Amino acid sequence: LALALEAVGDADASLAALTRAHRDGPTDPSILNALLMAHVQRENWDVAEGLMQKLQQLRPGDPNVAAAAKELTRRRQEAGR
């Protein structure tokens with residue numbers, strides 16, 4: 001649902017759907033990653049950092065998670081925060 005909403009341009013509804021999925025269900029790394037990216041796009045840095053920490057706990061040593069953490073740091077620095 002979240003991906004479909006994003007595809008039709010309803011980013012706010014997509015974020016709400018991802019947030020519900022994360023809150024209501026078991027922690028799924030793919031949902032967590034999508035939610036993380038949505039918050040990065042909105043420059044919600046504190047929320048994104050918290051989600052990244054959860055993702056790193058779920059997938060320690062995962063090179064994709066390490067790359068996402070590096071990207072989060074880069075974007076946050078570019079935004080000056």
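Side-chain atoms are counted along with the backbone in the values below, which use heavy atoms only and exclude waters and symmetry mates. Everything numeric in this text was worked out from a predicted model, so none of it was measured.
Inter-residue side-chain proximity for Ile31 and Arg20 is flagged as unmet; no heavy-atom pair is nearer than 4.5 Å. In this structure, the side chains of Leu15 and His39 come closer than 4.5 Å at one or more pairs of heavy atoms. Residues Val47 and Leu36 fail the side-chain proximity criterion, which asks for heavy atoms closer than 4.5 Å. Between Met37 and Leu72, the closest side-chain pair of non-hydrogen atoms is not below 4.5 Å.
The nearest pair of heavy atoms linking Ala38 to Arg42 is O-NH1, 2.9 Å. Between Gln56 and Ala69 the shortest heavy-atom distance is NE2-CB, 3.6 Å. Here the closest heavy-atom approach between residue Ala68 and residue Met52 is recorded as C-CE, 3.5 Å. The minimum heavy-atom distance linking Pro29 with Arg59 is given by the pair CB-NH1, 3.3 Å.
One finds the OG atom of Ser30 at 10.0 Å from the CG atom of Leu55 (value rounded to the nearest 0.5 Å). Atom CG of Leu51 is separated from atom CG of Asn44 by 10.0 Å, given to the nearest 0.5 angstrom.
For Arg74 and Glu71, the salt-bridge test passes: some basic side-chain N is under 4.0 Å from an acidic carboxylate O.
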